[in-house]
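Report on the structure given below.
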Amino acid sequence: MNVTPELDLTIGYINQRIDPSVNLHAEIERLKKEKNAVLLAHYYQEPEIQDMADYIGDSLGLARKAAETSADIIVFAGVHFMAETAKILNPNKKVLLPDLNAGCSLADACPADEFEVFKAAHPGHIVISYINCSAATKAQSDIICTSSNAEHIVSQIPADQPIIFAPDRNLGGYINRKLGRNMVLWDGVCIVHQTFSEQKLVRLKARYEGVPVLAHPECDAPILRHADFIGSTSQIRSYAVTSNHDLFIVATEEGILHQMQKDSPNKSFIPAPPESGCNCSQCPHMRLNTVEKLYLCLLHELPEITMDEGIRIKALAPINRMLEMSKSIA
Ligand code: 13P
Ligand code: SF4
């Protein structure tokens with residue numbers, strides 16, 4: 001039975017029956033052209049969506065693309081904070097997210113009202129927030145960073161300047177150790193990167209002696225201790241391309257393996273094992289987006305990201321500061 005898009009939006013996406021004979025790939029391509037829409041996708045999307053994207057990248061790359069696009073519509077195959085960032089940068093464009101419930105455990109861990117209280121308890125600190133947070137939390141920040149530029153940005157802040165780093169305690173802790181800083185950390189984690197098992201990783205390393213471990217800095221310290229390379233998704237991808245090795249253990253959401261395998265068909269990749277035998281290395285938020293939801297979202301131009309203009313303007317300043325401070329990073 002067909003239901004109206006308006007009704008379906010109460011569940012965060014359009015739940016309309018699609019005739020199985022419709023060629024979704026061809027329709028998505030046609031709608032993109034017809035509506036002058038660009039499809040931006042993160043590596044943690046299902047491979048089928050990645051293959052349809054006009055641009056695929058890490059959070060910094062996606063923010064940069066969103067800032068420079070001339071499209072009228074941005075369809076974000078990613079999570080809510082990413083689409084929100086695109087909207088903050090493009091108030092006059094329509095920004096669509098196939099499923100509005102595609103959130104992020106880090107963003108959820110840092111509600112803006114609680115963050116305000118935390119900030120008040122730390123006077124004299126500047127606030128550097130990881131891009132994985134809501135627009136309202138960004139609006140309370142001085143500088144935004146991503147996993148690919150966090151070190152670069154923190155290293156530009158004078159050593160005697162106290163810093164609050166939110167919301168990822170793992171990324172913040174990693175930067176603290178790397179740069180010898182003592183940033184005050186908000187206690188948030190990514191549910192995906194937090195579940196890798198150190199014990200299983202050690203066993204895997206013993207079995208595949210000499211195989212490099214590539215890890216995302218959202219992993220906690222015991223995992224990062226065993227890593228040969230730590231970087232954002234795009235940095236992990238590039239590392240594997242240029243490395244002389246032909247086998248890698250990869251500690252991040254397993255969607256990245258699709259591009260890594262396409263880049264290097266003759267190399268092999270072993271996903272780092274999570275604690276239990278679950279699908280925990282797939283982000284349950286990212287995976288809410290499906291090809292069907294993507295098609296319906298483009299067709300109806302819903303669900304759309306909207307936000308309070310006052311918050312948008314306040315959130316724009318720290319994002320622009322990040323883009324400015326990380327100009328020299330590829
Ligand atoms: P990057 O792609 O920027 O490394 O971020 C990973 C992530 O968890 C996005 O939510
Ligand atoms: Fe958030 Fe983790 Fe999912 Fe990235 S992988 S969107 S940090 S929950």
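When a ligand or atom number is given, it counts from 1 through the structure's own listing order.
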Any chance the side chains of [X] and [Y] put a donor and an acceptor closer than 3.5 Å?
X	Y	answer
Ser59	Tyr130	no
Thr233	His216	no
Gln50	Gln259	yes

Original post:
Does ligand 1 have a heavy atom under 4.0 Å from the side chain of His42, from its backbone, from both, or from neither?
Top reply: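 Side chain only.
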Subject >> Side chain, backbone, both or neither: Asn132 near ligand 1, heavy atoms under 4.0 Å >> reply: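 Side chain only.
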Which ligand 1 atoms, with their elements, are less than 4.0 angstrom from a heavy-atom of [X]?
X	result
Ser232	4 (O)
Ser147	1 (P), 3 (O), 4 (O)
His216	1 (P), 4 (O), 5 (O), 6 (C)
Met82	9 (C), 10 (O)

Nitrogen or oxygen atoms of [X] and ligand 1 under 3.5 Å apart:
X	value
Glu218	yes
Asp58	no
Tyr43	no

Enumerated ligand 2 atoms positioned under 4.0 Å from heavy atoms of [X]:
X	answer
Glu218	2 (Fe), 7 (S)
Leu106	7 (S)
Asn132	7 (S)
Ser105	1 (Fe), 8 (S)

Original post:
How about Cys283: does one of its N, O or S atoms come closer than 2.8 Å to atom 2 (Fe) of ligand 2?
Top reply: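 For Cys283, the answer is no, given that no N, O or S atom comes within less than 2.8 Å of atom 2 (Fe) of ligand 2.
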**OP:** Check if Glu253 has a non-hydrogen atom at a distance under 4.0 Å from any atom of ligand 2.
**Re:**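 Outside the 4.0 Å threshold, so no.
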In plain terms, say whether [X] and [Y] are close enough for a salt bridge, that is, a side-chain N and a carboxylate O under 4.0 Å apart.
X	Y	answer
Asp99	Lys293	yes
Arg287	Glu253	yes
Arg225	Glu198	yes

Original post:
Ile163 and His125: side chain to side chain contact (heavy atoms under 4.5 Å, CB included), yes or no, with the steps?
Top reply: CA-CA 5 Å; Ile163 301 173; His125 288 60; 5.7 Å; no
**OP:** Answer yes or no: are there more than 12 heavy-atom neighbours, outside Gln199 itself, under 6.0 Å from its atom CD?
**Re:**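 Counting neighbours around CD of Gln199, 12 or fewer heavy atoms of other residues, nucleotides or ligands fall under 6.0 Å, so no.
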**OP:** Check whether more than 12 heavy atoms from other residues, nucleotides or ligands sit under 6.0 Å from atom CG of Asn244, and answer yes or no.
**Re:**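 At most 12 heavy atoms, drawn from other residues, nucleotides or ligands, come within 6.0 Å of this atom.
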Subject >> Protein residue, atom and distance nearest to atom 2 (Fe) of ligand 2, heavy-atom basis >> reply: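 For atom 2 (Fe) of ligand 2, the nearest protein heavy atom comes out as Cys190 SG, 2.3 Å.
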**OP:** Ignoring hydrogens, just give me the one of Ile256, Asn149, Thr233, Asp168 whose non-hydrogen atom is nearest atom 1 (P) of ligand 1.
**Re:**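 Selected option, by shortest heavy-atom distance: Thr233.
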Original post:
Is there an N/O/S atom in Cys104 that lies less than 2.8 Å from atom 1 (Fe) of ligand 2?
Top reply: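 Short answer: yes, at least one N, O or S atom is under the cut-off.
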Original post:
Taking the six-membered ring for Trp, is the centroid-to-centroid distance between Trp186 and Phe165 below 6.0 Å?
Top reply: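 No, they do not, as the ring centres are separated by 6.0 Å or more.
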**OP:** Would you sort out whether Asp58 and Arg237 count as a salt bridge (charged side-chain N to carboxylate O under 4.0 Å, His left out), showing the intermediate values?
**Re:** CA-CA 10 Å; Asp58 65 6; Arg237 182 181 172 193; over 6 Å; no
